[in-house]
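Data first, discussion second: the structure below is written as structure tokens.
Letters go in sequence order (proteins before strands), and every chain restarts at 1. Predicted model only: the values in this text are computed from it and were never measured.
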There are 2 protein chains.
Amino acid sequence: MKTQRVPEATINRLSVYSRFLERLDEKGIITVSSNEIAEGVGVSPPQVRKDLAYFGEFGTRGVGYNVQDLMRYTLKILGLNVPWPLLLVGAGNLGYALSTYRGFNSRGFSVVGVFDNDLNKIGRKVGDLDVYPPEKMPDIINKHKVRIGIIAVPPKSAQDVADLMVKNRLHAILNFAPVSLNVPEHIVYRNVDLSVNLEILTFNLGIRDS
Amino acid sequence: MKTQRVPEATINRLSVYSRFLERLDEKGIITVSSNEIAEGVGVSPPQVRKDLAYFGEFGTRGVGYNVQDLMRYTLKILGLNVPWPLLLVGAGNLGYALSTYRGFNSRGFSVVGVFDNDLNKIGRKVGDLDVYPPEKMPDIINKHKVRIGIIAVPPKSAQDVADLMVKNRLHAILNFAPVSLNVPEHIVYRNVDLSVNLEILTFNLGIRDS
DNA sequence: TAGATTGTTAATCGATTAACAATC
DNA sequence: TAGATTGTTAATCGATTAACAATC
């Protein structure tokens with residue numbers, strides 16, 4: 001693997017490629033060209049080759065790419081060659097939905113601990129997981145070697161949860177609360193604002209209308 | 001409003017600016033400079049000015065921007081000066097979470113109809129909404145003038161749901177199923193793959209580790 | 001007027017794509 | 001070898017930023 005600044009869009013597309021390759025593999029297809037991948041996922045063929053070239057030479061000139069091999073390479077690049085235990089804070093509706101989300105499980109992610117500070121929720125079940133109080137966090141993190149925490153609490157408590165995750169030495173945080181948080185430089189952080197996605201739609205509808 | 005190709009990143013940032021301005025307004029702050037906005041949301045000051053310049057001249061040289069005015073302008077640009085009724089298909093966990101998601105309601109979005117073809121779910125309640133069978137879609141769409149549909153069903157049924165939404169003349173679709181869908185050119189379409197967000201984290205953790 | 005901050009142009013930076021040599 | 005397709009370089013395109021004239 002070369003070390004060169006990889007555009008985030010490339011990572012995004014690698015994720016899409018890997019899913020497409022999984023589908024091809026299920027269909028028993030052995031070889032695929034950059035043209036076919038490009039066609040299948042809606043990008044240009046040089047884009048596909050360039051994206052892969054950041055990480056190595058995976059194809060055979062004149063032939064194409066071996067589907068299974070390339071699938072494994074792309075998953076490896078994304079870090080998906082190993083399982084990822086997740087810690088989830090917030091046992092509300094969103095937390096419940098995320099803990100059972102198919103798109104996570106099919107990629108090797110699994111929620112191993114659900115936390116909430118609401119006494120009414122602690123001790124209850126979310127799927128087949130118990131809801132724990134925040135004090136239990138170190139135990140679960142150690143037991144499952146958790147590195148990633150997901151925040152699915154209301155906006156006001158989100159910063160506190162992030163602080164707690166940092167204190168408990170998690171390495172990465174995915175925040176679903178519609179608020180931006182302050183985390184130290186060394187934490188890999190990402191905010192998923194579901195509403196922004198809708199707002200991009202309403203903006204585009206506005207453009208179409210005028 | 002000028003017509004010029006606006007980068008999607010700009011729309012994204014406008015959404016962030018508008019939230020920041022709401023916070024300033026709540027605090028009773030009257031005037032704000034591009035420097036303060038930039039500082040507050042983590043972008044460069046010329047970026048803020050450039051983003052706004054796509055849509056008009058909203059500030060006063062030597063002074064800055066009026067917080068309330070700019071807040072209203074940005075919301076208007078995003079199409080958020082009017083309420084947006086939403087139609088949601090999929091009465092599972094994710095559907096339930098989305099129908100009560102705070103981040104939606106605070107921006108003028110409200111789910112007005114929940115649909116599912118699972119006979120066990122039809123007739124039940126999701127929050128204070130009834131779950132309807134797909135046949136009821138035209139009624140709800142007409143009654144509430146719905147333009148946007150949200151897909152929160154498992155991957156296999158997602159394409160069918162999209163087709164049904166297109167047939168029922170919705171204008172925009174937000175897809176939460178982890179699968180890419182085919183929709184006609186005239187539909188404003190967007191896929192939210194929650195898993196990709198986690199994969200960008202795992203990629204970055206991999207980079208840090210090496 | 002002096003100081004401040006916008007709006008905009010020009011320069012820079014980075015990502016995508018076209019083109020083609022390498023090579024199976 | 002002829003045909004095909006990769007990997008990579010150079011050209012293009014687009015977005016961000018630096019700089020500054022306009023102007024409150």
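- Look at B/Arg61 and you won't find any side-chain N or O under 4.0 angstrom from OP1 or OP2 of C/dG3.
- When the side-chain hydrogen bond (donor to acceptor under 3.5 Å, both in side chains) test is applied to B/Asn168, no partner is found at least two apart in sequence or on another chain.
- Nearest-nucleotide positions on DNA chain C place A/Pro46 closer to the 5' end than the other of A/Val63 and A/Pro46.
- One can place NZ of A/Lys50 at 16 Å from P of D/dT12, the figure rounded to the nearest angstrom.
- Checking A/Gly62 against A/Gln47, the closest nucleotide of DNA chain C that is more toward the 5' end is the one next to A/Gln47.
- Between atom CG of residue A/Asp25 and atom CZ of residue A/Phe20 there is a gap of 12.0 Å, rounded to the nearest 0.5 Å.
- Between the CG atom of A/Asp51 and the C1' atom of D/dT8 there is a distance of 14 Å, rounded to whole Å.
- The nearest whole Å value for the distance from the CZ atom in A/Phe58 to the P atom in D/dG7 is 9 Å.
- Nucleotide D/dT17 holds its C1' atom 16 Å from the CG atom of B/Leu52, rounded to whole Å.
- Going from atom CG of A/Leu80 over to atom CG of A/Leu75 covers 5.5 Å, rounded to the nearest 0.5 Å.
- OP1 or OP2 of C/dA15 sits under 4.0 Å from a side-chain N or O of A/Arg5.
- Relative to the side chain of B/Pro7, the nucleotides C/dT16, C/dT9, D/dA15 differ in distance, and D/dA15 lies closest.
- A salt bridge links B/Arg147 with A/Asp209: the distance from a Lys NZ or Arg NE/NH1/NH2 to an Asp or Glu carboxylate oxygen falls below 4.0 Å.
- With A/Pro85 as the fixed residue, the side chain to side chain contact (heavy atoms under 4.5 Å, CB included) test singles out one of A/Val112, A/Val111, A/Ile141: A/Val112.
- Within residues 16-45 of chain B, the residues that have a heavy atom under 4.0 Å from DNA chain D are, in order of number, B/Ser44.
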What dot-bracket string describes DNA chain C from 5' to 3', counting Watson-Crick and G-U wobble pairs whose defining distances are under 3.5 Å, with [ ] for crossing pairs and | for pairs to another strand? ..||||||||||||||||||||||

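- When each of B/Ile140, B/Leu87, B/Val89 is checked for a side chain to side chain contact (heavy atoms under 4.5 Å, CB included) with B/Tyr132, only B/Ile140 meets the rule.
- B/Tyr65 has a side-chain polar atom (N or O) that falls below the 4.0 Å cut-off from OP1 or OP2 of C/dG7.
- One N or O donor and one acceptor, one from the side chain of B/Arg49 and one from the base of C/dG7, sit under 3.5 Å apart.
- Per the geometry, CG belonging to B/Asn12 stands 11 Å off P belonging to D/dT16, to the nearest Å.
- A donor-acceptor pair is defined here as one N or O able to donate and one able to accept, closer than 3.5 Å; such a pair exists between the side chain of B/Ser195 and the backbone of A/Gly103.
- Note: CG (A/Leu70) to P (D/dT5) measures 16 Å, nearest angstrom.
- Within 6.0 Å of OH on B/Tyr73 lie no more than 12 heavy atoms contributed by other residues, nucleotides or ligands.
- Taking atom OH of B/Tyr54 as the reference point, atom C1' of C/dT9 lies 13 Å away to the nearest angstrom.
- Distance check, rounded to the nearest 0.5 Å: CG of A/Leu21 to CZ of A/Arg19 gives 12.0 Å.
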